[in-house]
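Below is one structure, written out as structure tokens, with a few remarks after it.
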Amino acid sequence: MLELRPTCEHCNKTLPPDSLDARICSYECTFCMACVERVLGNVCPNCGGGFVPRPVRPSTNWKGDNFLGKDSASTKVKHRPVDPATHTQFSAKIKTISQEKR
Ligand SMILES: [Zn+2]
Ligand SMILES: [Zn+2]
């Protein structure tokens, strides 16, 4: 189950579970759309993978208790800002490769 982390790892912007602004990598590293585009160049600083929009967990119990009321979002903040110079170096080669080929 997705952790639904509460903030952007880089800028610490709040990303509530219903946010359409949240982006995740396959390891659930979580960033806001602006940081993914402007700071990260769609390269995860932790694994080198690309990002996709994070799905919104339903807040309504439509079926079988599979909803936010039972499986709440994480409240554990992970704030690990990226150093732009380090990331530029790390991502230089990776960002030229489309994410399905990394
Ligand atoms: Zn951000
Ligand atoms: Zn990652």
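Heavy atoms only: backbone and side chains are in, while hydrogens, waters and symmetry mates are out. Just follow the structure's listing: the first ligand is 1, and inside any ligand the first atom is 1.
Just one residue in the list T7, L4, D21, I24 forms a side-chain contact (heavy atoms from CB on, under 4.5 Å) with L15, and that residue is D21.
At the Zn ion (ligand 1), the vertex angle linking SG of C32 with SG of C11 is 110° (nearest 10 degrees). Computed with the Zn ion (ligand 2) at the centre, the C44 SG to C25 SG angle is 120°, stated to 10 degrees. With the Zn ion (ligand 1) as the vertex, SG (C8) and SG (C35) define an angle of 110°, rounded to 10°.
Heavy atoms of other residues, nucleotides or ligands lying less than 6.0 angstrom from CZ of R38 number 12 at most.
K78 and E9 are not joined by a salt bridge, as no carboxylate oxygen comes within less than 4.0 angstrom of a charged side-chain nitrogen.
The NE2 atom of H79 sits 7.5 Å away from atom NE2 of H10, with the distance rounded to the nearest 0.5 Å.
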